[in-house]
Colleague: 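One structure is given below, represented as structure tokens, and several questions about it will come after.
Remember, predicted model here, so these are calculated numbers, not experimental data.
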Amino acid sequence: MNTAPVSAPGSAQEASDHDQRWLTAGEQRVWRAYLHATTLLEDHLDRQLQRDAGMPHIYYGLLVQLAEAPRRRLRMTELAMNAKITRSRLSHAVARLEKNGWVRREDCPSDKRGQFAVLTDEGADVLRRTAPGHVAAVRQALFERLSPEQQKSLGEIMQIVAEGLQPNEAGADLPWLR
């Protein structure tokens with residue numbers, strides 16, 4: 001994830017790279033701080049959820065989405081889209097959640113190829129027991145370190161980044177379409 005130039009200024013490669021706009025030193029510091037922080041945060045949340053519920057953060061997010069969905073069910077394609085993961089990765093995750101008894105699959109009556117992921121009562125219980133520790137971990141790792149103004153700014157910044165990356169055109173190469 002290093003975004004530093006491959007060739008040093010003045011090298012033979014520079015002629016073909018002259019139009020490349022490299023990150024400034026300040027941008028490089030921000031980028032690396034972002035990567036460092038998000039990697040550590042994801043690891044922190046994964047470790048907390050593994051310890052408390054024996055699941056990675058991505059599985060917790062899937063359970064939350066199902067818990068918030070009408071009748072605790074979502075089409076697999078919609079679940080993949082919401083989680084921003086490939087259908088293959090979702091299928092693997094749902095298989096593991098099924099093995100634990102936390103999710104079940106149901107065929108879609110209106111589409112022979114479609115399936116729903118459904119949160120089971122056992123899955124809802126696991127989520128209910130796990131949520132307080134997860135919220136405490138998020139609060140401790142992120143929100144308690146930021147002032148209310150910084151929290152607001154972070155939210156606005158992340159919204160701008162997300163909106164800029166969300167493709168609008170049909171046929172875009174999106175994980176949940178793979």
Side-chain angles (χ1 to χ4, degrees), residues 1-3 31-139 141-143 154-178:
M1 295 245 164
N2 186 349
T3 56
W31 175 241
R32 289 183 182 187
Y34 168 82
L35 288 177
H36 188 71
T38 56
T39 300
L40 289 173
L41 179 60
E42 189 62 32
D43 179 67
H44 176 74
L45 297 177
D46 260 344
R47 284 184 288 115
Q48 177 269 319
L49 286 164
Q50 286 289 354
R51 182 185 64 243
D52 292 356
M55 76 173 101
H57 192 216
I58 187 77
Y59 290 13
Y60 180 85
L62 296 173
L63 295 179
V64 167
Q65 285 187 59
L66 292 172
E68 294 174 346
R71 297 176 45 209
R72 299 189 327 200
R73 66 190 302 140
L74 284 172
R75 297 251 337 213
M76 292 285 284
T77 303
E78 186 176 356
L79 190 55
M81 181 179 72
N82 293 347
K84 310 293 186 259
I85 59 175
T86 64
R87 290 181 288 192
S88 173
R89 185 170 181 202
L90 175 68
S91 184
H92 176 74
V94 169
R96 295 287 305 272
L97 294 168
E98 280 181 303
K99 186 177 177 184
N100 290 341
W102 300 343
V103 170
R104 73 174 180 275
R105 293 182 213 218
E106 292 179 356
D107 290 332
C108 178
S110 63
D111 178 2
K112 298 288 185 205
R113 297 181 315 171
Q115 284 191 319
F116 287 98
V118 181
L119 182 66
T120 65
D121 290 340
E122 187 178 346
D125 287 343
V126 166
L127 192 57
R128 205 173 0 269
R129 288 191 312 268
T130 306
H134 181 64
V135 169
V138 169
R139 186 171 299 287
L142 185 65
F143 293 104
L154 179 62
E156 291 169 350
I157 290 165
M158 292 294 98
Q159 185 66 38
I160 290 166
V161 171
E163 287 172 0
L165 293 171
Q166 185 66 44
N168 295 336
E169 66 273 0
D173 185 25
L174 302 170
W176 53 93
L177 298 177
R178 289 185 224 138

Colleague: For R89, look at atom CZ and say whether over 12 heavy atoms of other residues, nucleotides or ligands are found less than 6.0 Å away.
Modeller: no
Colleague: What heavy-atom pair brings P109 and F116 nearest, and what distance separates the two atoms?
Modeller: CD-CE1, 4.2 Å
Colleague: Once you round to the nearest 0.5 Å, how far does CD of Q48 lie from CD of Q50?
Modeller: 10.0 Å
Colleague: Going from CG on D52 to CZ on R129, what distance comes out if it is rounded to the nearest 0.5 angstrom?
Modeller: 11.0 Å
Colleague: Let me know which of V94, L62, L79 forms a side-chain contact (heavy atoms from CB on, under 4.5 Å) with V103.
Modeller: V94
Colleague: Please say whether more than 12 non-hydrogen atoms of neighbouring residues, nucleotides or ligands are located less than 6.0 Å from CZ in R71.
Modeller: no
Colleague: Nearest heavy-atom pair of A137 and L45: which atoms, and what distance?
Modeller: CB-CD2, 4.0 Å
Colleague: As an exercise, state the distance from CZ of R75 to OG of S110, rounded to the nearest 0.5 Å.
Modeller: 6.0 Å
Colleague: Quick test of your reading: applying salt bridge (Lys or Arg N to Asp or Glu O under 4.0 Å), list the pairs with at least one residue in residues 33-49, sequence neighbours left out, ordered by first then second residue.
Modeller: D43-R47
Colleague: What pair of heavy atoms forms the shortest contact from R87 to A80, and how long is it?
Modeller: CG-CB, 4.3 Å
Colleague: Where is the tightest heavy-atom contact between I58 and I85, given as atom of each residue plus distance?
Modeller: CD1-CG2, 3.9 Å
Colleague: Taking atom CE of M55 and atom OG1 of T130, what is their separation to the nearest 0.5 Å?
Modeller: 4.5 Å
Colleague: Nearest 0.5 Å, what's the OG-CD distance between S91 and Q115?
Modeller: 8.0 Å
Colleague: Could you check if a side-chain atom of L127 sits within less than 4.5 angstrom of a side-chain atom of Y60, using non-hydrogen atoms only?
Modeller: yes
Colleague: In terms of side-chain geometry, is the basic nitrogen of D121 or R128 positioned less than 4.0 Å from the acidic oxygen of its partner?
Modeller: no
Colleague: Taking all atoms of both residues into account, what is the closest heavy-atom pair of A141 and H44, and its distance?
Modeller: CB-CD2, 3.6 Å
Colleague: How long is the straight-line distance from NE2 of H92 back to CG of L90, given to the nearest 0.5 Å?
Modeller: 11.0 Å
Colleague: Is a donor on one side and an acceptor on the other found under 3.5 Å between the side chain of T38 and the backbone of L35?
Modeller: yes
Colleague: I would like to know whether E78 and Q65 meet side chain to side chain contact (heavy atoms under 4.5 Å, CB included); could you show each step before the answer?
Modeller: CA-CA 10 Å; E78 186 176 356; Q65 285 187 59; over 6 Å; no
Colleague: Side-chain contact test, heavy atoms from C-beta onward, threshold under 4.5 Å: evaluate it for L74 versus L66 and give yes or no.
Modeller: yes
Colleague: Tell me the closest heavy-atom pair linking G101 and T120, and the distance in Å.
Modeller: O-OG1, 2.6 Å
